[in-house]
There are 2 protein chains.
Amino acid sequence: MQNELLALQQQLVPDLLTMMKKRYRILHHLFLTQPIGRRALAQQLQTTERILRAEVDFLKEQGLLTIETVGMHLTDAGKTLLDELADVIHEIEGLGKKERRLADFLGLQKVCIVPGDADLDPLVKKALGHAAADYVRSILRAGDILAVTGGTTVATLAEQMPKTQLGIEVAPARGGIGENMEFQANTIASRLAAQLGGTYRLLHAPDLMSDEALQSFISEPHVQETLQRIRRARMVVHGIGQAIPMARRRNLPEAKIDQLAGQGAIAEAFGYYFDRSGNIVHAMNTVGLRLSDLKHIERIVAVAGGKSKAEAISAVAHGCPINVLVTDEAVADAILENRREEPNR
Amino acid sequence: MQNELLALQQQLVPDLLTMMKKRYRILHHLFLTQPIGRRALAQQLQTTERILRAEVDFLKEQGLLTIETVGMHLTDAGKTLLDELADVIHEIEGLGKKERRLADFLGLQKVCIVPGDADLDPLVKKALGHAAADYVRSILRAGDILAVTGGTTVATLAEQMPKTQLGIEVAPARGGIGENMEFQANTIASRLAAQLGGTYRLLHAPDLMSDEALQSFISEPHVQETLQRIRRARMVVHGIGQAIPMARRRNLPEAKIDQLAGQGAIAEAFGYYFDRSGNIVHAMNTVGLRLSDLKHIERIVAVAGGKSKAEAISAVAHGCPINVLVTDEAVADAILENRREEPNR
DNA sequence: CATATGCGGGACATTGCGTGACCCACGAAG
DNA sequence: CTTCGTGGGTCACGCAATGTCCCGCATATG
C-alpha cells in the first residue's frame with residue numbers, strides 16, 4: 001500500500017514531501033494557466049520570481065515543461081505526471097479522508113474535493129471544473145444522454161472537458177434564465193457536446209413563465225420530445241446556488257425575495273428553493289427537469305464550490321437525491337465543522 | 001503499487017530517494033552498532049562528523065533515536081520504522097530482483113540478499129545474521145525442532161535472534177570440531193534455545209572419529225536419541241565453508257588436503273566436500289546430520305556471505321537440497337556474473 | 001508603423017545556511 | 001587516577017540559494 005510508504009517518508013524525509021507538494025502545485029497551476037510567464041506565475045503562487053525560476057529550471061530539466069517565448073507549457077510527460085500525482089497529493093493532503101467523511105455525513109455515494117476556496121481563488125473553480133469533468137468522463141459511455149444545468153461552475157466543467165469522440169447526447173436540463181449567454185444550460189450543452197463528440201438538443205424556453213403559457217408550451221411536439229430525452233438521461237450534472245442571490249439574478253420581485261428569505265430559503269437547485277434542512281420552500285414554475293424526475297436518473301452529480309455556498313450545498317444535499325458531489329476544501333471543512341455543532345442543538 | 005509512487009518521486013524529487021537511503025543507512029548502521037557515538041559512526045559511514053550530526057539531530061527530532069551519554073540508541077519507533085523501511089530499500093536497491101534471479105538460477109525456493117560484502121565489512125555478516133534470524137523466526141512454529149550447524153555466520157544468527165517464547169527444541173546438527181567454543185553447533189544450539197524460549201539437546205561428540213569408534217558411539221542410547229531428534233527436525237540452518245580453509249581448521253593432514261585440492265574440492269557443508277559442480281568428492285566420517293537425512297527435512301536454510309565464498313555457495317546449492325539461501329550482495333553478483341559465462345563454456 | 005507589455009535569460013551582490021574544525025565537561029572504563 | 005569516547009557548544013569560512021536588477025525579443029495594441 002502506498003499509504004505506508006508515504007507515512008514512512010513523512011517520518012524520514014518530511015521536507016522532501018513538502019518539496020513534492022510545492023512542485024506539484026507549480027505544475028498544477030501551470031496546467032490551469034498556461035501559457036504563463038515566470039513573473040506572473042510567481043505572483044500567483046505567492047512566491048518570488050527567483051525561487052520559482054529555480055524550480056522551473058529543474059522541471060524543465062526533467063522534461064516536464066517547455067519554455068517558449070509566449071510562456072511556459074506543460075509537456076505531455078508533465079501532464080501525465082500531473083494526473084498520476086493527483087491521487088498521491090490527494091492522500092498526502094488528507095483530502096481522501098475528508099471525502100469519505102463528507103460522503104458519509106451527507107449520505108452520498110461519492111465526494112470529490114479539490115484544495116482551496118473557489119470564493120478566494122478563481123483557479124479553484126477551474127480546478128473544480130476539471131475534477132468534475134474527469135469524473136463525468138470516467139462514467140460516461142457511448143450513447144448516454146447527459147443533462148446539464150446552467151451556471152458558471154458547470155460552464156467551467158464544459159470548458160475543461162477534454163476532447164473525445166464518445167458520441168454522447170447532451171441536453172439542457174433547464175430553460176434559459178435572464179443572464180449571460182455564456183452560462184445558459186443550452187450553451188453549456190452545445191459546448192459539452194462539441195467536446196465529447198456528440199449531439200445536443202436545445203430547450204428554447206424561458207425558465208420562468210405563467211401557468212397557462214407553460215401548459216401550452218410543453219404541449220408543443222418538439223418541446224415534448226426534448227423533455228422526454230431529458231427525462232431519460234442517465235446522468236445529470238447541476239450546480240447549486242444560494243437562494244437570495246439566485247432569486248435576484250432571476251429578477252424575482254422584491255416581495256417574493258423577502259418571502260423566500262422569511263421562509264428560510266438558503267439554497268437553489270433545478271429551480272427549487274430549499275431551507276437549511278433541505279425542505280422545499282418554493283418551486284418555480286419551470287420548464288425542464290423536475291425534482292420528481294430525478295429518481296429515474298441513474299447518477300446525479302452536483303458541482304459547486306466556495307465557502308459562501310457551503311450551507312446551500314449542505315441543504316441541497318439533504319433535499320435532493322444527489323449521488324456525487326464535486327466541491328472544494330473550503331466547503332468540505334465548513335460542512336464538517338458545522339456537523340460537530342449540530343448534535344448539540 | 002508503491003513502485004509507481006517511487007517512479008513519480010524519482011522524477012519530481014530525485015533527492016528524495018537518495019536522502020531516504022542515506023538516513024536508512026544511518027539508522028540501520030546504528031541498529032547494528034548501538035550504542036555508538038557520533039564520531040565513530042561518522043567514520044564507519046564514511047562521512048564527516050558534522051554532516052552526521054545534522055542528520056542525527058533530525059532523526060532525534062523525529063523521535064527515531066535517543067542520545068545518551070553512552071552513545072546513541074534506536075527508539076522503538078526507530079526500530080519499527082527500520083523494519084518497515086527494509087522492504088522499500090530492498091526494492092529500491094533492486095535486491096528483490098536479484099533475489100528472484102538467483103533463486104531461479106540456483107533452483108531455490110527463496111533467496112534473501114543483504115547489501116554489501118561480508119568479507120569487507122564485518123557488519124554485513126551481522127546484517128546477514130539478522131536477516132536469517134528474521135526469516136527463521138517467521139517460519140518457526142511452537143513445538144518445532146530446529147537443527148543448526150556451527151560456524152561464525154550461524155553464530156551471528158543466534159546472536160541476532162530476538163527473544164521470544166516460542167517453545168522450540170534446538171539440536172546441534174554436528175558434533176564439535178576443533179575450534180573456538182563460541183562457534184560450535186552445541187554452543188549455538190543452546191544460545192538459540194535461550195533466545196527462542198525453548199529447550200536444547202547436545203551432541204557430545206567429536207565431529208571426526210574412526211569407523212569403529214563411530215559405530216560404538218552412535219549405539220549409545222542417549223546419542224541415539226539425540227540423533228533421532230535431529231533427524232526429525234522440521235528445519236535446519238547451516239553454514240557453507242570453503243573446502244581448503246575448512247580442512248585446515250579441522251586439522252586434516254596435509255596429504256589429505258592436497259588430495260581434496262586435487263579432486264577440485266571447493267566447498268564444505270555438513271562435513272561433505274563438494275567440487276564446483278556440486279559433486280561430493282569426500283564425505284567425512286561424521287556424527288550428526290547426513291546428507292541423506294536432508295530429504296526428510298522440510299526446510300533447509302543455508303546462511304553464508306562474503307565474495308570469497310561465492311563459488312562454494314554456488315557449489316553447495318547444486319549439490320545439496322537447499323530450500324532457502326541467505327547471503328550478501330557480493331555473492332549474488334558474483335554468482336549471477338558467472339552464470340552469464342557458463343553457457344559459453 | 002510605433003509603442004507597450006510580458007516573455008526568457010543573463011548578471012551580480014548579498015546573505016544565510018550548511019559545513020569543517022575546534023573546544024569543553026562529563027561519565028565510564030581501565 | 002588517567003584515558004577514552006561520549007554529547008554539546010561555538011565560530012569562522014565558503015558556497016549556493018536568493019533578491020534584484022537588466023536586456024533583447026516576440027507579440028499584442030494603438
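Since we're looking at a predicted model, the values are computed, not measured. Note: hydrogens, waters and symmetry copies are ignored here, and every other heavy atom, side chains too, is used. Numbered from 1 within each chain, the chains take letters A, B, ... in sequence-line order.
Straight-line distance from the NE2 atom of B:His73 to the P atom of D:dG7: 10 Å, rounded to whole Å. The CZ-P distance, from B:Arg38 to C:dC24, rounds to 15 Å in whole Å. Between the CD1 atom of A:Ile51 and the P atom of C:dC17 there is a distance of 12 Å, rounded to whole Å. If you measure from atom CD1 of A:Ile67 to atom P of C:dG10, you get 10 Å, rounded to the nearest angstrom. As a whole-Å value, the separation of B:Asp57 CG from C:dG18 P is 12 Å. We find that CD of A:Glu55 is positioned 12 Å from P of D:dG19, with the value rounded to whole Å. A straight line from CD of A:Glu68 to P of D:dA26 spans 14 Å, rounded to a whole angstrom. Distance CG (A:Leu52) to P (D:dG19): 11 Å, rounded to an integer number of Å.
Judged by atom type and distance alone, B:Arg53 does not reach the base of C:dG18 through any side-chain donor-acceptor pair under 3.5 Å.
Residue contacts shown for B:Ala40 are limited to sugar-phosphate atoms, with no base heavy atom under 4.0 Å away.
The environment of A:Lys307 atom NZ is sparse: at most 12 non-hydrogen atoms of other residues, nucleotides or ligands sit within 6.0 angstrom. Annotation: B:Glu93, atom CD; neighbour count of heavy atoms from other residues, nucleotides and ligands within 6.0 Å is above 12.
In plain terms, the two heavy atoms of B:Tyr24 and B:Leu82 that are nearest each other are CE1-CD1, 3.6 Å.
Each of B:Arg39 and B:Arg50 has a nearest nucleotide on DNA chain D; the 5'-most of these lies closest to B:Arg39.
The backbone N or O of A:Ala42 sits nowhere less than 3.5 Å from a side-chain atom of A:Thr47 that would complete a donor-acceptor pair. Without hydrogens or angle criteria, A:Asp328 side chain to A:Val114 main chain gives no donor-acceptor distance under 3.5 Å.
For A:Lys60, taking side-chain heavy atoms from C-beta onward, the closest of the listed nucleotides C:dG9, D:dG8, D:dT6 is C:dG9. Minimum atom distance to the side chain of A:Glu49 is reached by D:dT20, of the listed D:dG7, D:dT6, D:dT20.
Between A:Thr48 and D:dT18, a side-chain N or O to OP1/OP2 separation shorter than 4.0 Å is absent.
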